[in-house]
Amino acid sequence: MNIAKKYLEQAYIGYHRIICYDLMIKGIQEDLSKFNNDKIIIPRLKAELISYEKQRRYWLNKRIELKQFIINLNIKDKIKQVLIFRFIELKKRREISDILHYSLSYIDRLLKRGLFFIDEKLKSSSQKVVI
């Protein structure tokens, strides 16, 4: 299950990086308005801005890709639902339990089944999985 968990935890990483990039982009945009006449600083800030926006888009797309990966799995919908809540929407197990009206132990079993299935799928996949 380690491969599956590591693969899906990219959504966590992406979520936090998107927040960081949003803050950096906002800071650069403020700096651009302060240094609007500086011919040396402006091009550097614009290049940084483009780089951060590109990274932000990468992580947004990665989260979408992970959600689509889960949706396309050949498993029960309730397992998919739990995986999406946990890894894409970043809900805690207790929150998922409350939302779906399942016991916490049942949520744990669904997560375990889903992670085991994904682990097997990634191990047998002919595609190289980038983690």
Side-chain angles (χ1 to χ4, degrees):
M1 285 191 305
N2 289 335
I3 294 171
K5 230 176 180 176
K6 201 170 185 178
Y7 180 67
L8 294 176
E9 284 175 350
Q10 292 178 94
Y12 285 109
I13 295 166
Y15 174 77
H16 294 291
R17 289 197 178 168
I18 289 166
I19 290 171
C20 289
Y21 288 124
D22 284 344
L23 291 171
M24 290 187 281
I25 289 168
K26 184 179 177 188
I28 290 174
Q29 288 170 337
E30 289 170 4
D31 289 346
L32 281 169
S33 65
K34 291 177 191 173
F35 297 103
N36 61 358
N37 293 327
D38 193 314
K39 295 188 189 301
I40 295 173
I41 294 176
I42 293 293
R44 290 180 184 169
L45 288 174
K46 285 184 178 180
E48 248 184 282
L49 183 64
I50 290 167
S51 172
Y52 291 148
E53 287 172 340
K54 182 179 177 184
Q55 286 298 313
R56 184 181 184 283
R57 275 192 310 278
Y58 169 81
W59 286 106
L60 283 170
N61 289 334
K62 177 56 80 174
R63 293 189 78 222
I64 292 167
E65 172 190 317
L66 291 167
K67 184 174 183 177
Q68 202 57 50
F69 173 80
I70 293 170
I71 289 169
N72 291 331
L73 291 173
N74 189 20
I75 55 175
K76 293 180 180 178
D77 285 340
K78 58 185 163 187
I79 297 174
K80 290 180 191 181
Q81 201 173 23
V82 169
L83 290 169
I84 288 170
F85 276 134
R86 183 73 178 117
F87 292 99
I88 306 303
E89 295 183 18
L90 309 176
K91 303 254 184 241
K92 297 192 180 339
R93 293 169 23 259
R94 173 60 64 198
E95 291 175 294
I96 299 168
S97 172
D98 292 342
I99 292 167
L100 298 177
H101 305 290
Y102 295 149
S103 70
L104 192 56
S105 61
Y106 189 57
I107 296 297
D108 289 339
R109 285 195 303 273
L110 292 175
L111 278 170
K112 188 174 182 178
R113 286 183 201 153
L115 289 173
F116 180 79
F117 183 85
I118 292 170
D119 206 46
E120 293 301 312
K121 182 170 178 66
L122 293 175
K123 284 179 185 175
S124 67
S125 175
S126 61
Q127 294 177 310
K128 184 169 179 145
V129 176
V130 179
I131 299 175

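These numbers come from the heavy atoms of this one structure, side chains and all, not from hydrogens, waters or symmetry mates.
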### Task
Please examine the side chains of Asp31 and Arg44, heavy atoms only from C-beta on, and report whether any two atoms are closer than 4.5 Å.
no

### Query
Taking atom OH of Tyr106 as the centre, does the number of heavy atoms from other residues, nucleotides or ligands within less than 6.0 Å exceed 12?
yes

### Approximate separation, where rounding is to 0.5 Å, of Phe87 CZ and Ile118 CD1
7.5 Å

### Message
I want to check something: taking the side chain as every heavy atom from C-beta on, are Leu122 and Phe69 in contact at a cut-off of under 4.5 Å?
### Response
yes

### Task
Measure the spacing between CG of Leu83 and CD1 of Ile71 and express it to the nearest 0.5 Å.
11.0 Å

#### Entry: Stepwise side chain to side chain contact (heavy atoms under 4.5 Å, CB included) check, Val82 with Arg113
CA-CA 11 Å; Val82 169; Arg113 286 183 201 153; over 6 Å; no

### Task
Flag yes if Ile41 and Leu49 sit in one hydrophobic cluster, no otherwise; membership is Ile, Leu, Val, Met, Phe, Trp, Tyr, and two members link when side-chain heavy atoms are under 4.5 Å apart.
yes

### Query
Quick one: does Phe117's side chain get under 4.5 Å of Glu120's, heavy atoms only?
no

#### Entry: More than 12 heavy atoms of other groups within 6.0 Å of Tyr15 OH
no

### Summary
Closest non-hydrogen contact found for Pro43 with Asp38 is CD-O, 4.2 Å

### Message
Between Glu9 and Lys6 (salt bridge meaning N to carboxylate O under 4.0 Å), is one present in this structure?
### Response
no

### Query
Do Ile28 and Ile50 share a hydrophobic cluster (ILVMFWY, side-chain heavy atoms under 4.5 Å, transitive)?
no

### Query
Going from CD1 on Ile18 to CG on Leu60, what distance comes out if it is rounded to the nearest 0.5 angstrom?
4.0 Å

### Message
Counting C-beta onward and ignoring hydrogens, is there a side-chain heavy-atom pair between Leu110 and Ile96 closer than 4.5 Å?
### Response
no

### Query
Is the count of non-hydrogen atoms from other residues, nucleotides or ligands lying under 6.0 Å from Lys67 atom NZ greater than 12?
no

### Query
If you round to the nearest 0.5 Å, how far is CG of Leu32 from CD of Gln29?
7.5 Å

### For the student: nearest non-hydrogen atoms of Arg86 and Lys91, plus distance
NH1-O, 3.0 Å

### Query
Are Phe35 and Met24 co-members of a hydrophobic cluster defined by side-chain heavy atoms under 4.5 Å apart?
yes

### Query
Has the side chain of Arg17 got a donor or acceptor atom that lies under 3.5 Å from a matching backbone atom of Arg56?
no

### Query
So does Asp119 pair up with Lys123, basic N to acidic O under 4.0 Å?
yes

### Query
Would Ile25 end up clustered with Ile42 when hydrophobic side chains under 4.5 Å apart are linked, directly or stepwise?
yes

#### Entry: Point-to-point distance, once rounded to the nearest 0.5 Å, from CZ of Arg109 to OG of Ser103
6.0 Å

### Message
Is there a path of hydrophobic side-chain contacts, each under 4.5 Å between heavy atoms, that joins Phe85 and Ile64?
### Response
no

## Note on the structure
To the nearest 0.5 Å, atom CG of Leu115 lies from atom CD1 of Ile3 at 12.0 Å

### Task
Would you check if there is a donor-acceptor pair between the side chains of Lys121 and Tyr7 at a distance under 3.5 Å?
no

### Task
Check whether any side-chain N or O of Lys80 sits under 3.5 Å from a backbone N or O of Ile70 as a donor-acceptor pair, and report yes or no.
no

### Message
Counting neighbours of CG on Asn74 that are heavy atoms of other residues, nucleotides or ligands and sit closer than 6.0 Å, is the number greater than 12?
### Response
no

### Working for side chain to side chain contact (heavy atoms under 4.5 Å, CB included), residues Leu100 and Lys78
CA-CA 9 Å; Leu100 298 177; Lys78 58 185 163 187; over 6 Å; no

### Query
Less than 4.5 Å apart, any side-chain heavy atom of Ser51 and any of Lys54?
no

